[in-house]
Student: 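Below you will find the structure I want to go over with you.
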Number of protein chains: 2
Amino acid sequence: MLTIGSLAQKTGTKVQTIRYYEQIGMMPEPGRTAGGQRRYGNPELDRLAFIRHARQLGFSLEAIRELLDLSDQPDRPCHEADAIARRQLKQVEQRLARLEALRTELKRMVHECSGGQTADCRVLEVLRDHSECLTDHAGIGA
Amino acid sequence: MLTIGSLAQKTGTKVQTIRYYEQIGMMPEPGRTAGGQRRYGNPELDRLAFIRHARQLGFSLEAIRELLDLSDQPDRPCHEADAIARRQLKQVEQRLARLEALRTELKRMVHECSGGQTADCRVLEVLRDHSECLTDHAGIGA
DNA sequence: GCTTGAACCTCCAGTAGCTAGAGGATGTAC
DNA sequence: GTACATCCTCTAGCTACTGGAGGTTCAAGC
């Protein structure tokens, strides 16, 4: 049985954030002691770790809620889960492509820099390319 | 010369967001027409595209500002740029590892699902692991 | 050259996702 | 049985946007 503080520490979350997640329904209402303090188990630890990592990867709480729902309801209609999984997969692959481009460029900079010369910097260029995301932008946001 | 609206469209940004970035100094103050309307060129387009993609990858505006500074001052002290690049590279590689794990799991779900059966879902497990980030959490946030 | 409508302007208020602090109760270790 | 770290609720503030009111500008068509 974990206190909210130790759960926070294990997941690198602020105590307040955990209570906030409970408030908005991202985390379940945990058991309480006689005095009213929250006590958590391992399932909550896993769930919170997932949420935090997914947030660090740039997923919205809404998207994370969807992923968690996939996990919560393993016997839900298959086509529905499949559609969500496919949609998330597409997003994940787009992110991977961009992150890999950024990694390559940062590596190049680190290497050239170790050579003693500050190189011309092209970080900006590597995330400029719209070829993979034109479908996302086209006609949107105007 | 681009209007703020076409810049917004090309980058998938809201017009308001561009003005917000200008306000907080993430985007430079652009030229204006006699009537006071903003006009942008290609450098601003690249910069904004970079910001947006980096945001989608989960970087804070502060981290993005650092990356942009690398780009803005190619002749700054080498060790400084190098330190920033290395720090960002480390973050990027952590993100890549987690995203790859998530991709694998989503792929597995999509495959098993196409088989006609909703599989047991382990999305949650794949981002549970703390082995790579214990150093980040240890002692923090409590 | 004048009109007209989409797009622009500023300013301000609202949202998502946290984060910090006040003021007080609880729990465990001596 | 008393310290004192941690917990509780509540409220307010912060980052990163987003939307709307009320008014101005620009470019296309007459």
Side-chain angles (χ1 to χ4, degrees), chain A residues 1-41 44 47-68 136-137 139-142, chain B residues 1-41 44 47-68 136-137 139-142:
Chain A
M1 280 296 134
L2 296 161
T3 64
I4 197 169
S6 51
L7 183 65
Q9 209 202 326
K10 275 175 198 288
T11 56
T13 314
K14 298 277 160 64
V15 165
Q16 306 285 17
T17 305
I18 299 173
R19 292 200 273 251
Y20 170 71
Y21 285 160
E22 182 185 328
Q23 194 185 307
I24 62 167
M26 291 292 291
M27 288 291 287
E29 290 189 16
R32 301 260 186 163
T33 63
Q37 297 195 356
R38 292 167 179 83
R39 289 298 121 99
Y40 297 92
E44 286 95 331
R47 190 182 178 93
L48 182 56
F50 179 85
I51 294 172
R52 293 270 80 201
H53 285 151
R55 287 293 296 137
Q56 280 169 30
L57 296 173
F59 289 95
S60 70
L61 286 180
E62 258 332 290
I64 297 168
R65 211 189 285 268
E66 247 186 14
L67 286 166
L68 286 170
D136 295 335
H137 298 175
I140 297 178
Chain B
M1 283 295 134
L2 296 162
T3 64
I4 197 169
S6 50
L7 184 65
Q9 208 202 328
K10 276 175 197 289
T11 56
T13 314
K14 298 278 159 67
V15 165
Q16 306 284 19
T17 305
I18 299 173
R19 292 200 273 250
Y20 170 71
Y21 285 159
E22 181 185 329
Q23 194 185 306
I24 61 167
M26 291 292 291
M27 288 291 287
E29 290 189 17
R32 300 260 187 163
T33 64
Q37 296 195 359
R38 292 166 178 84
R39 287 300 121 96
Y40 298 92
E44 287 95 332
R47 190 181 178 94
L48 182 57
F50 179 85
I51 295 171
R52 292 270 81 201
H53 285 152
R55 287 292 296 137
Q56 280 168 29
L57 296 174
F59 289 94
S60 70
L61 286 182
E62 253 338 280
I64 296 167
R65 211 190 286 269
E66 247 187 16
L67 286 166
L68 286 170
D136 295 335
H137 299 174
I140 298 178

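Reckoned from all heavy atoms, side chains included, excluding hydrogens, waters and symmetry mates. Chain identifiers are assigned alphabetically (A, B, ...) following the order of the sequence lines, protein sequences preceding nucleic acid strands; residue numbering begins at 1 within each chain.
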Student: Taking only the side-chain nitrogens and oxygens of B/K14, find out if one of them lies under 4.0 Å from OP1 or OP2 of D/dG19.
Tutor: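 It does, given that an N or O in the side chain of B/K14 lies less than 4.0 Å from OP1 or OP2 of D/dG19.
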Student: Atom CZ of B/R32 to atom C1' of D/dC26: distance rounded to whole Å?
Tutor: 15 Å
Student: Distance check needed: C/dC18 C1' versus A/L48 CG, whole Å only.
Tutor: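 Taking CG of A/L48 and C1' of C/dC18, I get 13 Å after rounding.
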Student: Roughly how far, to the nearest 0.5 Å, is CZ of B/F59 from NE2 of B/H53?
Tutor: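 Those atoms lie 13.0 Å apart.
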Student: Output the rounded distance in Å from CD1 (A/I64) to C1' (C/dA16).
Tutor: 12 Å
Student: How many angstroms lie between CE in A/M1 and OG in A/S6, if you round to the nearest 0.5 Å?
Tutor: 11.0 Å
Student: So, OP1 or OP2 of C/dC8: does either fall under 4.0 Å of a side-chain N or O from B/T3?
Tutor: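 Indeed, a polar side-chain atom of B/T3 lies that close.
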Student: Got a second to check how far A/E22's CD is from A/Y40's OH, nearest 0.5 Å?
Tutor: 5.0 Å
Student: Rounded to the nearest 0.5 Å, what separation is found between the CZ atom of B/R52 and the OG1 atom of B/T13?
Tutor: 5.0 Å
Student: Measuring from the side chain of B/T33 (C-beta onward, heavy atoms only), which nucleotide among C/dC9, C/dC18, D/dT25 has the closest atom?
Tutor: D/dT25
Student: How long is the straight-line distance from CZ of A/R19 back to OG1 of A/T17, given to the nearest 0.5 Å?
Tutor: 10.0 Å
Student: Please assess A/R55 against A/L61 for the test side chain to side chain contact (heavy atoms under 4.5 Å, CB included), listing each intermediate value before the final yes or no.
Tutor: CA-CA 7 Å; A/R55 287 293 296 137; A/L61 286 180; 3.6 Å; yes
Student: Check DNA chain D against residues 34-41 of chain A and give the residues with a non-hydrogen atom under 4.0 Å, in numerical order.
Tutor: A/G36, A/Q37, A/R38
Student: Over how many whole Å does the gap from B/M1 atom CE to D/dC26 atom C1' extend?
Tutor: 16 Å
Student: Of the options C/dC9, D/dC8, D/dC10, whose atoms approach the side-chain atoms of B/I4 most closely?
Tutor: C/dC9
Student: With a 4.0 Å heavy-atom cut-off, tell me which residues in residues 17-30 of chain B come close to DNA chain D, sorted by residue number.
Tutor: B/T17, B/Y20, B/Y21
Student: Could you give the CD-to-P distance, from B/Q16 to C/dT15, as a whole number of Å?
Tutor: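 Interatomic distance, CD of B/Q16 to P of C/dT15: 16 Å.
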Student: Against A/E44, only a single residue in A/R38, A/R39, A/M27 fulfils side chain to side chain contact (heavy atoms under 4.5 Å, CB included); can you say which?
Tutor: A/M27
Student: For B/L2 and C/dC8, what is the distance between atoms CG and P respectively, to the nearest whole Å?
Tutor: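 The answer, rounded to whole Å, is 11 Å.
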Student: Is there a side-chain contact between A/T3 and A/Q37, using heavy atoms and a 4.5 Å cut-off?
Tutor: no
Student: Can you tell whether the side chains of A/R65 and A/E62 come within less than 4.0 Å, N to carboxylate O?
Tutor: yes
Student: Return no unless some side-chain N or O of A/R52 is found under 4.0 Å from OP1 or OP2 of C/dC18.
Tutor: yes
